[in-house]
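In what follows, chains are A, B, ... by sequence order, proteins preceding strands, each numbered from 1. Computed from a predicted model, the values in this text were never measured in an experiment.
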Protein chains: 2
Amino acid sequence: MKKTYSEENYLKAIYHISKNENKVSLKAIADSLENNPASVIDMLRKLKEKQLITYDKTQGAILTASGETVALDIIRKHRLWEVFLVEKLHYDWAEVHPIAEQLEHIHDDQLAKRLDDFLGNPAFDPHGDPIPANGKMPVYANKRLSELEISQSGKVGSVRDTSTPFLKYLKQLNLGLGSKIEVLDKLDFDQSMIIAIDGSEPRTVSSKMTDNILLITE
Amino acid sequence: MKKTYSEENYLKAIYHISKNENKVSLKAIADSLENNPASVIDMLRKLKEKQLITYDKTQGAILTASGETVALDIIRKHRLWEVFLVEKLHYDWAEVHPIAEQLEHIHDDQLAKRLDDFLGNPAFDPHGDPIPANGKMPVYANKRLSELEISQSGKVGSVRDTSTPFLKYLKQLNLGLGSKIEVLDKLDFDQSMIIAIDGSEPRTVSSKMTDNILLITE
DNA sequence: CTCATGTATTAGGTTAGACTAATTTTGTAT
DNA sequence: ATACAAAATTAGTCTAACCTAATACATGAG
């Protein structure tokens, strides 16, 4: 079934929001697309009818399997085109986003594959974000905890410091590979953070600690 | 001023029609875009208001200077993308048109230039059509007279047979470089043509003659 | 518990770009 | 000159995707 430019953008937005928040609210979508909530609800109804998402006000929007397939396809094309623009056309990585926003909507059965091959099957786009393939977003421990903003979250993918004291400290925090960390607050003066580990009560951790935790955020 | 996808397609269609017919009628545009004449007239009004064309029913649609600039820009991008798709992504030349129809509408100030450089500043697209540059369509003697259909026309750009008898024959016909030839009729059984040279009275010419005249049709 | 505030929803309107179904104009053949 | 067909035009409709303004609901602070 053919998707419109606009439908594709909604699906993409829902995908991205769902990676940073546990609920994809109407308002979050409206903010992200800079559309009016009244417009958003219309589109959500339409996407629901097409079985690309489920939606109700308490659960928020959730991509169905086919909705996620579409979203990942668009994100894949976006990131491949960004690689093209930077590697082949020598754009600065900061300029390419708005162009890729247009290019990602070009429809052709073979295009993504051919572009991917031409570019040498890159794993990351110029911003370091992984490029989806085979309908899945590759999972990497790609972000230091210290890079997260307040209210963002991720799963522990690896640690950079493997010294015994550090690992003991982590154990004491009840933190291991796969633990979910949510950033509740950041203290500006020393970059320490207040975090929740697997939803438990808040803990304060130093910047030395947050620099050494690598998270899976996609 | 920003142009919509649809406006750009109308301007492109008007440009192409104007190269093959002496009047760009409403009906011709409607046929070319496979739109309803009622839709076309609305758009022509809009393009007229934006001063991209002039239009009245007797003259038909005529691109203004700025309208032609837009049309040539779109055609340039279309043809550059076709080169990219064939040369870099190894598409067959027959498959690329519908993809280029989408790519031609990507807006970015630097994109055409960068793509052009990346492709090595090609002069022709994979179909042999010239790629506009500097706001102008390059002029080449690119079509044999024998390839024209009835009612099409072109200007003589060069001749393939430069033997004295042939050139004498041309002189006798009052035909030289720059002469305008219009095809009035084609005879199926021996491919001979009835043509008007610079609007004078019809002459019948053989396929041997029409195969050796190269015309400028763009 | 209640009320203020934020979030969700409804109702109705706008614009671009298409459509169908008349109607008018134009050009052409007899 | 007439009459017919083709082309142009008008009037009114439709859909997608947006909007504003008003209303309903939910939730957390006092």
Out of [options], which has the shortest distance to the side chain of [X]?
{"X": "N35(B)", "options": "dT20(D), dA18(C), dT9(D)", "answer": "dA18(C)"}
{"X": "K57(A)", "options": "dA18(C), dC18(D), dC25(D)", "answer": "dC25(D)"}
{"X": "M43(A)", "options": "dA8(D), dA18(C), dC18(D)", "answer": "dC18(D)"}
{"X": "A38(B)", "options": "dT9(C), dA8(D), dC19(C)", "answer": "dC19(C)"}
{"X": "T4(A)", "options": "dA16(D), dA18(C), dT10(C)", "answer": "dA16(D)"}

Any [X] side-chain N or O less than 4.0 Å from OP1/OP2 of [N]:
{"X": "R45(B)", "N": "dA8(D)", "result": "no"}
{"X": "Y10(A)", "N": "dA16(D)", "result": "no"}
{"X": "S6(B)", "N": "dA18(C)", "result": "yes"}

Remember a base hit wins even if backbone is also touched, and classify [X] as base, sugar-phosphate or nothing at under 4.0 Å, heavy atoms.
{"X": "D42(A)", "value": "base"}
{"X": "T58(B)", "value": "nothing"}
{"X": "Y55(B)", "value": "sugar-phosphate"}
{"X": "S39(A)", "value": "base"}

Donor-acceptor contact present, side-chain K77(B) to main-chain I106(B), <3.5 Å: yes

Protein-nucleotide distance ([X], atom [atom1]; [N], atom [atom2]), rounded to Å:
{"X": "Y5(B)", "N": "dA17(D)", "atom1": "OH", "atom2": "C1'", "value": "17 Å"}
{"X": "D31(A)", "N": "dT7(C)", "atom1": "CG", "atom2": "C1'", "value": "11 Å"}
{"X": "N36(A)", "N": "dA21(D)", "atom1": "CG", "atom2": "C1'", "value": "10 Å"}
{"X": "K27(B)", "N": "dG27(C)", "atom1": "NZ", "atom2": "P", "value": "16 Å"}
{"X": "E8(B)", "N": "dA16(C)", "atom1": "CD", "atom2": "P", "value": "16 Å"}
{"X": "E7(B)", "N": "dA16(C)", "atom1": "CD", "atom2": "P", "value": "9 Å"}
{"X": "I41(B)", "N": "dA11(D)", "atom1": "CD1", "atom2": "P", "value": "11 Å"}
{"X": "I29(B)", "N": "dA18(C)", "atom1": "CD1", "atom2": "P", "value": "13 Å"}

Under 3.5 Å side-chain donor-acceptor pair for D56(A) and T58(A): yes

Geometric cation-pi criterion K88(B) and F84(A), 6.0 Å radius, 45° cone: no

Salt bridge R114(A)-D117(A), side-chain N to carboxylate O under 4.0 Å: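 No salt bridge links R114(A) with D117(A).
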
Check ion pair K46(A)-D42(A) (N to O, under 4.0 angstrom):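 No, no charged N to carboxylate O under 4.0 Å.
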
